[in-house]
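Heavy-atom basis, side chains included; hydrogens, waters and symmetry copies ignored.
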Amino acid sequence: MSRRLRRIIQRPASVELTRYEKLLPAIGEREPDLEKLTDDELTEAAKAVRLEAEFGDRQLIEVCALGREAARRALDERAFDVQLLGTMGLLTGHVVQMATGEGKTLSGALAAAGHALQGKRVHVISVNDYLARRDAEWMKPVYDLLGVSVSWVDPALTHAERRDSYQAEVCYGAVSEIGFDVLRDRLVTRPEDLVQTEPEVAIIDEADSVLVDEARVPLVMAGSVDAGVADEEVANIVRRLRLNLHYETDADGRNAWLTAAGASVVEKALGGVDLYGGGTGGSKAAEGDAGTAGTAGADSTDSSDSTDTEDAGGGESSADGAGNAERQAAAGAGNRLASVNIALHAHALLTRDVDYLVRDGKVQLINASRGRVAELQRWPDGLQAAVEAKEQLPPSDRGEILDSITVQALIARYPQVAGMTGTAVAVAEQLREFYELEVAVIPPNTENIREDRADRIFASPSHKLRAIVEEIREVHATGRPILVGTQDVAESEELAEKLAKADLPCVVLNARNDAEEAAIIAEAGRFEAVTVSTQMAGRGTDIRLGGAEGGSERERVAELGGLHVIGTARYPSSRLDDQLRGRAGRQGDPGSSVFFASLNDELVLSYAPDIPEGIPADDETGEITSEHAHRQINHAQRVAEGVDLEIHRNTWRYTRLIEHQRKEVLAYRDDVLRTGLAAEVLEETEPERFAELTETLGADRMERVSREILLYHLDQLWADHLAFLTEVRESIHLRALARETPLDEFHRAAIPEFRKIAAKARERAAKTLIEAEVSEAGIDLAASGVRRPTSTWTYLVHDNPFDSDAEQALKKVRGMLRKKRS
């Protein structure tokens with residue numbers, strides 16, 4: 001009750017800053033004394049904080065004063081009072097909202113150093129690898145003066161380098177990289193192979209992107225099993241199918257299905273195979289009974305209740321033989337239907353240069369929230385192979401899911417959490433609901449004078465694109481730098497092509513060249529620059545007027561009006577709009593922003609397609625000035641935000657039990673990893689065989705072998721359990737249709753299966769021990785099936801248990817009912 005009452009009476013972003021503001025004069029008073037110290041004396045003063053028994057207001061004052069002086073010496077940047085307010089907010093466990101360009105990076109570094117001076121190990125978690133390394137290198141001189149060690153992790157590091165990085169007092173890393181290291185540590189068989197240390201403090205940069213946007217997609221670790229197989233015949237057939245003739249898609253772009261004509265074309269191309277097992281595949285597709293693309297496929301079974309009989313000669317009867325033939329044909333049809341569905345998903349719902357790139361002969365996925373290539377990431381196997389077949393590339397190795405973790409569970413590992421971002425208020429309720437974090441709004445050091453113009457709305461994307469080119473032409477003629485934020489790679493390259501034809505040179509920043517980000521962003525504010533970028537909101541960098549050098553160029557650009565930001569469409573979240581706008585007007589700079597939108601943009605078509613009739617548009621330009629159009633786009637954005645929130649909530653509800661089970665498994669696994677528990681279990685289960693092998697191998701070696709065997713089976717059973725839970729969740733909507741509570745049913749299925757894991761692991765380990773082959777070289781575990789994956793990667797999945805065909809149908813029915821009632 002108290003929590004509910006608190007949610008009712010407490011406004012978002014209501015953390016009181018008075019306590020911190022009262023400390024600012026005392027911090028200023030320390031400044032003259034600290035300026036007199038040598039660098040070594042400053043470091044010694046910071047070390048004195050480590051000896052303090054507690055950390056109260058006096059220590060807050062000292063850390064901020066020391067940090068301000070260290071930044072002044074190392075970076076020639078004296079922290080503003082508002083930056084120190086941010087530091088104090090972070091040190092006391094809040095998410096601080098600071099406008100773009102107000103110095104979040106320095107505030108975060110001073111807070112991380114403050115935690116380190118208390119003897120705590122800190123992870124500064126960012127949204128991408130580039131920012132993690134940049135900020136660690138940028139802030140290192142400050143950390144050095146304060147006597148705090150700092151490092152970073154990124155995909156290029158070796159295992160040994162990675163382990164060394166985590167030993168530093170402050171370690172920077174992308175949320176995905178730190179999460180994957182957690183998952184990799186859960187697969188090691190020797191304690192010395194662990195790379196991470198026990199987590200203590202997390203400071204999260206771009207906190208809304210990490211904690212809200214990234215939270216919709218769990219981190220999933222997979223391992224190679226064998227060579228992948230793609231159905232190239234089906235891919236070639238599906239490639240010839242046409243939208244609205246052979247297949248249709250839903251408004252959300254999440255499902256595709258064959259029409260009657262499409263089913264007929266596919267069946268004939270496959271040599272007359274009856275996909276639907278009843279001779280009426282076309283009609284079934286037309287009625288909507290066909291499986292939708294991207295599902296696991298349909299298993300056709302023989303419903304006859306025949307009994308096995310034998311004739312006098314001992315052979316099977318003709319009736320039974322016919323039944324078997326029918327069952328085999330049905331099973332074959334089911335497999336082909338699954339292949340068709342997956343190939344159709346790849347063809348109809350996944351777009352090259354939007355969802356993925358083809359580079360260096362490989363399919364590389366694009367992280368939609370960051371506009372970057374998602375390294376070592378792929379779709380679940382059938383779909384990955386289907387996309388590779390679509391692009392006529394060889395299939396990659398097939399894999400199995402080994403473990404997964406949600407961002408929420410990853411962050412829950414840290415006893416202390418804080419965060420910083422430019423747009424926290426919009427998700428304050430979510431931060432409170434899912435992470436128990438409160439938002440503190442830090443006032444800007446200088447007033448924001450950016451001009452945010454009203455959206456310009458057009459009847460069609462083509463009208464909109466022409467207007468964007470014309471807007472760029474007009475602003476570019478004044479010499480002002482322009483930043484254009486696009487939705488995806490394809491759009492950025494289409495716009496760049498149009499600009500080139502209009503003799504308007506531009507620089508493009510997207511997933512194809514994100515390694516060049518630093519150089520591109522450094523010059524995006526120079527005179528006459530035109531920069532076209534995908535997902536600026538996920539890049540976490542601000543743009544300085546005048547370019548990297550600044551100087552007189554800065555004043556020249558400022559006099560012209562500063563950076564002009566153009567959005568080519570509204571994003572699914574108002575936060576992302578605000579983050580794009582926030583690239584202009586940093587630290588009181590002049591600037592402006594405007595968004596262009598169309599009533600046929602993906603946002604509107606997906607979330608608010610029922611556009612009122614009769615909205616007038618200019619005959620020549622296609623521009624719409626009616627308030628109805630503005631309301632329609634705002635409504636679509638609110639619906640999209642609501643959908644994302646429900647996905648997050650569903651993920652949280654269903655993973656709470658899984659995380660509880662994972663903790664129990666990991667506690668048991670840790671005991672096996674660090675002690676002689678495995679040897680004790682196997683010696684108790686198979687004493688004679690254990691004694692025999694111990695005599696051959698020696699006690700120490702036998703303990704290592706026992707550990708490897710038991711860990712292998714424990715990990716395999718956990719992977720099987722996750723696969724089982726996935727199957728349960730995929731069918732959970734059927735229980736909802738039966739008016740049962742889906743979450744309760746999920747628990748009823750998950751708990752009994754989980755309780756079998758430990759016993760099964762011991763049984764299988766004992767069986768392996770008995771069957772293991774021993775030679776002079778030792779025990780051959782590989783011959784007994786104890787094989788670890790040769791490589792690992794992550795899957796891209798959307799963890800929404802209700803995003804099923806049945807739920808989509810229910811949504812449509814509810815929508816129809818609402819219309820009838822209104």
Side-chain angles (χ1 to χ4, degrees), residues 6 9-37 42 45-73 75 77-99 101-120 122 142 145-146 148 201 203-204 207 416-422 424-425 428 431-432 436-448 587-588:
R6 185 164 173 262
I9 66 175
Q10 187 173 23
R11 296 180 297 106
S14 60
V15 171
E16 184 57 58
L17 299 175
T18 305
R19 173 197 168 191
Y20 310 131
E21 290 169 342
K22 288 180 178 179
L23 302 181
L24 291 173
I27 295 171
E29 290 171 5
R30 286 284 289 138
E31 202 164 356
D33 292 336
L34 294 179
E35 286 178 350
K36 298 173 184 176
L37 300 180
L42 186 69
K47 287 181 180 178
V49 177
R50 295 180 184 270
L51 305 176
E52 300 281 354
E54 58 181 33
F55 196 85
D57 286 354
R58 189 170 64 81
Q59 288 74 24
L60 270 176
I61 292 169
E62 189 68 5
V63 165
C64 288
L66 289 167
R68 171 181 271 173
E69 180 60 22
R72 187 187 66 80
R73 297 185 188 192
L75 307 176
E77 292 183 12
R78 178 186 177 275
F80 301 125
D81 282 354
V82 292
Q83 287 176 286
L84 298 183
L85 285 178
T87 297
M88 289 186 276
L90 293 169
L91 280 167
T92 49
H94 300 304
V95 173
V96 298
Q97 174 169 301
M98 299 174 66
E102 290 292 312
K104 291 189 294 291
T105 303
L106 179 56
S107 292
L110 299 186
H115 283 297
L117 292 175
Q118 298 174 58
K120 299 170 183 175
V122 185
V142 177
L145 277 174
L146 295 174
V148 174
V201 179
I203 295 177
I204 304 163
Q416 288 183 265
V417 178
M420 50 190 176
T421 180
V425 172
L431 295 174
R432 180 184 296 158
E436 298 182 353
L437 291 170
E438 301 294 340
V439 174
V441 178
I442 308 299
N445 186 57
T446 51
E447 184 182 355
N448 183 357
Q587 294 185 5

Student: When rounded to the nearest 0.5 angstrom, what is the spacing between CD1 in Ile61 and NZ in Lys22?
Tutor: 12.5 Å

Student: Nearest 0.5 Å, what's the CZ-OG1 distance between Phe80 and Thr446?
Tutor: 7.5 Å

Student: Contact between Met88 and Ile27 at the side-chain level, heavy atoms closer than 4.5 Å - yes or no?
Tutor: yes

Student: Search all heavy atoms of Gly114 against all heavy atoms of Val63 and return the closest pair with its distance.
Tutor: CA-CG1, 3.8 Å

Student: Under a 3.5 Å distance rule, please check whether Ser107 uses its side chain to pair with a backbone N or O of Gln83 as donor and acceptor.
Tutor: yes

Student: If the test is side-chain contact (heavy atoms from CB on, under 4.5 Å), which one of Leu110, Leu66, Val148 qualifies with Val142?
Tutor: Leu110

Student: With rounding to the nearest 0.5 angstrom, report the NZ to CD1 distance, Lys104 to Ile203.
Tutor: 14.5 Å

Student: Search all heavy atoms of Lys36 against all heavy atoms of Pro32 and return the closest pair with its distance.
Tutor: CG-O, 3.4 Å

Student: Between Gln587 and Glu102, is any pair of side-chain heavy atoms under 4.5 Å apart?
Tutor: yes

Student: Can you see which heavy atom on Gly93 is nearest to which on Leu437, and at what distance?
Tutor: O-CD2, 3.9 Å

Student: Tell me the closest heavy-atom pair linking His115 and Val201, and the distance in Å.
Tutor: CD2-CG1, 3.7 Å

Student: First locate atom CG of Leu117, then atom NZ of Lys47, and finally report the distance between them rounded to the nearest 0.5 Å.
Tutor: 11.0 Å

Student: Pick out which of Thr105, Thr87, Leu90 makes a side-chain contact (heavy atoms from CB on, under 4.5 Å) with Met420.
Tutor: Leu90

Student: Could you tell me which non-hydrogen atom of Ile442 sits nearest to which non-hydrogen atom of Leu17, and how far apart they are?
Tutor: CD1-CD2, 4.1 Å

Student: So Leu91 and Gln59, do their side chains get closer than 4.5 Å, heavy atoms only?
Tutor: no

Student: Does the side chain of Arg78 reach to within under 4.5 Å of the side chain of Glu31, using non-hydrogen atoms?
Tutor: yes

Student: Between Arg73 and Glu69, is there a salt bridge with N-O shorter than 4.0 Å?
Tutor: yes

Student: Which pair of non-hydrogen atoms, one from Ala45 and one from Leu37, has the smallest distance, and what is that distance?
Tutor: CB-CD1, 4.4 Å

Student: Working to the nearest 0.5 Å, report the span between CD of Glu21 and CG of Asp81.
Tutor: 9.5 Å

Student: So, the side chain of Arg68 versus the backbone of Ala79: is there a donor-acceptor pair under 3.5 Å, distance only?
Tutor: yes

Student: Quick one: are Glu52 and Arg58 in side-chain contact, heavy atoms under 4.5 Å?
Tutor: yes

Student: Roughly how far, to the nearest 0.5 Å, is the CG atom of Leu84 from the CG atom of Leu24?
Tutor: 6.5 Å

Student: Would you say the side chain of Tyr20 lies within less than 4.5 Å of the side chain of His94, judging by non-hydrogen atoms?
Tutor: yes

Student: Kindly say whether Ala424 contributes a backbone atom to a donor-acceptor pair with the side chain of Gln97 at under 3.5 angstrom?
Tutor: yes

Student: With a 4.5 Å limit on heavy-atom distance, are the side chains of Val95 and Val15 in contact?
Tutor: no

